[in-house]
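Predicted, not measured: the structure shown is a model, and the values here were computed from it. In this chain, numbering begins with 1 at the start of the sequence shown.
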Amino acid sequence: MSGQTPPTHTLLTHEALIMSSLEELPTVVFPALFKEAFAGRHTNLLKAMVAAWPFPCLPVGPLMKKPNLETLQALLDGIDMRLTREFHPRRAKLQVLDMRNMYHAFWNIRADANDSDCKSKTLDEKQLVKVLPRYARRQRLKVIVNLSISSHFNKSKAYFLNWAKQRIGSLYFCCIKMRIWDPPDQVIRDIFNVFDPEHITELELNTDWTLLQLAHFASYFGHMKNLQKVFLAPLHKNTSPIINITNATEAKCVHKIISQFSQFNCLQHIFMKHVHFLRDYMNQVLGCLMTPLETLSITQCLISQRDFDLFSCSQNLFKLKHLEIRGMILYALDLMPLRVLLEKVADTLEILDFQWCRMKDSQINALLPALSQCTQLNQINFYNNDFSMCTLKALFQHTANWSKMNVEQYPAPLQCYSELGHVSVERFVQLCQELMYTLRAIRQPKSISFATDNCQKCGKPCVYDQGPILCSCFQ
């Protein structure tokens with residue numbers, strides 16, 4: 001089959017001939033032919049092509065956006081063929097089966113490409129090869145996935161996990177991103193028997209586990225040594241307080257969970273939502289980190305002044321690019337430690353989010369000298385705070401150095417509301433226009449908006465952007 005390559009749609013009409021000629025088929029034809037076979041669910045051809053795959057990597061994830069059990073079985077059957085002693089395709093080079101649903105340049109191979117077309121490995125693959133022992137790299141094909149684990153698996157996911165459990169030792173299974181949604185304990189054990197937690201770089205934990213259950217999970221958590229991003233939410237329903245648990249036991253559980261943070265060599269992004277049991281323990285969490293953070297997001301958590309005070313002295317926060325403190329009532333707290341932190345991160349901070357914090361004029365005024373130094377900011381959100389017209393104008397006067405700012409979101413001034421808290425549309429429009437003029441006299445904003453609190457009737461705010469966008473109650 002040398003010479004000109006016929007169109008793949010013609011080839012698929014001669015499936016039996018193609019299967020018998022895979023060894024002679026030009027490698028450049030494989031990607032387009034595989035995509036068409038996958039889309040058309042030509043399971044026999046898929047199985048044969050996987051077994052004879054002539055590239056080091058098969059990034060099949062982008063083709064699996066709509067899971068189909070038959071095509072998945074064909075794909076895995078092809079891998080099984082490679083494991084049999086009787087099957088030794090001449091050109092087979094497959095080392096990595098990448099099942100993650102993410103863009104991969106491989107599928108854009110041009111007609112003049114050669115066998116090195118899959119040489120552009122992703123960062124995750126390079127890290128994986130580096131971590132694996134040499135003998136494992138030689139002997140075992142790597143299967144890379146992102147997993148979303150819950151108590152209910154669809155048929156395709158259940159089939160894959162059962163298949164993987166039966167091939168431990170023959171293949172090397174690697175999960176890069178893992179999302180957990182209240183699965184039974186046995187499912188957790190099965191998953192970590194298959195997938196080495198050392199290769200997880202992103203973990204999203206959404207559970208209603210008790211502190212005792214979380215403490216039990218900590219043994220897996222601590223082995224995620226390459227974890228870069230962790231998202232914990234919502235851990236509030238059953239964690240604090242807990243019935244029939246002593247204070248000593250609760251403290252022991254919290255300590256076991258927190259101590260795992262000292263195991264992470266690469267952690268840069270922490271997102272916490274409703275993690276109330278860490279109140280008064282934030283100093284321990286931040287104190288045991290091995291690397292400086294780029295992102296700290298704390299949303300709707302209980303936080304104490306003691307927690308807040310450590311912000312000014314935690315070395316692991318001094319390179320932050322993204323600071324989000326959202327949905328935490330701050331009006332009763334002393335924000336001077338936050339001012340010190342903002343001064344420390346003035347050269348690195350790019351995103352600042354204080355939405356739903358109910359800060360008062362005096363508090364934002366205390367932060368103004370530090371905010372004026374944050375020259376790298378490109379996004380800021382102050383929605384749902386209680387600032388007067390005068391304070392907003394003062395804030396704008398401290399933003400002359402915000403040359404990189406792209407998106408700005410501010411609360412509508414307090415003067416927009418009546419004594420009963422109702423929005424006056426006329427004042428809202430007038431005052432927002434005045435604030436726009438004030439800021440444009442200082443610099444030229446790219447995207448700026450003002451928003452009221454959510455309407456008590458329809459639950460939506462009035463927003464002033466290019467003009468007023470009123471909630472449905474005023475339309």
Side-chain angles (χ1 to χ4, degrees), residues 197-198 200-205 211-212 214-233 235-236 239-240 247-326 328 330 333-349 351-354 357 367 370:
E198 183 176 349
I200 297 173
T201 63
E202 295 186 19
L203 173 69
E204 183 174 337
L205 190 61
L211 274 178
L212 290 172
L214 286 170
H216 177 71
F217 179 78
S219 58
Y220 300 115
F221 192 41
H223 284 91
M224 301 177 189
K225 299 183 183 298
N226 291 296
L227 195 65
Q228 298 174 14
K229 180 185 295 186
V230 61
F231 182 88
L232 305 177
L235 306 177
H236 64 302
T239 51
S240 181
N247 290 337
T249 302
E250 182 176 342
K252 185 177 180 180
C253 289
V254 173
H255 177 74
K256 184 174 182 180
I257 297 165
I258 291 174
S259 64
Q260 307 308 313
F261 283 84
S262 64
Q263 306 298 316
F264 306 137
N265 300 317
C266 310
L267 188 61
Q268 293 181 306
H269 309 277
I270 295 180
F271 299 82
M272 294 185 290
K273 183 177 182 180
H274 294 305
V275 190
H276 297 322
F277 67 87
L278 288 182
R279 178 184 171 93
D280 290 328
Y281 287 99
M282 287 298 298
N283 62 325
Q284 295 184 34
V285 173
L286 299 177
C288 67
L289 294 178
M290 301 298 291
T291 54
L293 292 179
E294 289 189 11
T295 302
L296 177 63
S297 173
I298 307 175
T299 304
Q300 296 177 348
C301 296
L302 297 176
I303 193 168
S304 66
Q305 184 67 53
R306 176 183 173 186
D307 293 323
F308 224 65
D309 289 344
L310 71 93
F311 283 10
S312 63
C313 56
S314 178
Q315 296 284 335
N316 288 320
L317 297 182
F318 292 172
K319 293 185 178 180
L320 280 178
K321 293 183 178 180
H322 181 183
L323 176 60
E324 180 180 55
I325 300 178
R326 180 187 284 237
M328 297 165 57
L330 300 182
L333 297 180
D334 176 10
L335 300 192
M336 287 307 294
L338 181 58
R339 171 175 169 173
V340 175
L341 174 61
L342 290 176
E343 292 171 346
K344 297 284 188 181
V345 300
D347 294 332
T348 60
L349 192 65
I351 300 175
L352 183 61
D353 191 332
F354 285 131
C357 286
L367 300 180

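Using a 4.5 Å cut-off on side-chain heavy atoms (C-beta onward), His216 and Leu212 make no contact. Leu289 has its side chain within reach of Ile270: a pair of non-hydrogen atoms, C-beta onward, lies under 4.5 Å apart. Contact check for Ile325 versus Ile303: no side-chain heavy atoms found under the 4.5 Å cut-off. Proximity of Leu317 to Lys344: side-chain heavy atoms (C-beta onward) are nowhere separated by under 4.5 Å. Residues Leu278 and Val285 meet the side-chain proximity criterion, which asks for heavy atoms closer than 4.5 Å. Counting only heavy atoms from C-beta outward, the side chains of Leu205 and Phe221 never approach each other to under 4.5 Å. Put simply, the side chain of Val254 reaches to within 4.5 Å of the side chain of Leu211, judged on heavy atoms.
Using a distance-only test at 3.5 Å, with no hydrogens or angles considered, no donor-acceptor pair links the side chain of His274 to the main chain of Ala233. Looking only at distances, no side-chain donor or acceptor of Arg326 sits under 3.5 Å from a matching main-chain atom of Phe354. In this structure, Asp307 contributes its side chain and Asp280 its backbone to a donor-acceptor pair below 3.5 Å. In this structure, the side chain of Thr348 engages the main chain of Leu320 through a donor-acceptor pair within 3.5 Å.
Across all their heavy atoms, Ser312 and Pro337 have their closest contact at CB-O, 3.6 Å. Residues Asn283 and Arg306 come closest through the heavy atom pair ND2-NH2, 4.2 Å. Contact record, Ser259 with Lys256: OG-O, 2.9 Å, taken as the closest heavy-atom pair. Closest approach of Leu310 and Met282 over heavy atoms only: CD2-C, 3.5 Å. Considering all non-hydrogen atoms of both residues, Phe264 and Met224 come closest at CD2-O, 3.2 Å.
Under the side-chain contact (heavy atoms from CB on, under 4.5 Å) test applied with Val275, the options Leu232, Thr299, Leu302, Ile257 reduce to a single match, Leu232.
By the 30° and 60° cut-offs, the orientation of the rings of Phe231 relative to Phe271 is tilted. Ring planes of Phe311 and Phe308: tilted class, angle from 30 to 60°.
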What pairs of donor and acceptor atoms, side-chain ones from residues 291-298 against any protein atom, are under 3.5 angstrom apart with sequence neighbours left out?
from	atom 1	to	atom 2	distance (Å)
Thr291	OG1	Leu267	O	2.6
Glu294	OE2	Gln268	NE2	3.3
Thr295	OG1	His269	ND1	2.7
Ser297	OG	Glu324	OE1	2.3

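Evaluation of the side chain to side chain contact (heavy atoms under 4.5 Å, CB included) rule for Ser262 yields Cys288 as partners, not counting sequence neighbours. Asn316 is linked by a side-chain hydrogen bond (donor to acceptor under 3.5 Å, both in side chains) to nothing, counting only residues two or more places apart in sequence or in another chain.
Few gaps surround NZ on Lys225; more than 12 heavy atoms of other groups in view lie less than 6.0 Å from it.
Note that the CD atom of Gln260 and the NE2 atom of His255 stand 9.0 Å from one another [nearest 0.5 Å]. One finds the CZ atom of Phe277 at 9.5 Å from the SG atom of Cys301 (value rounded to the nearest 0.5 Å).
Judged by distance alone, the side chains of Glu198 and His223 never bring a donor and an acceptor atom under 3.5 Å apart.
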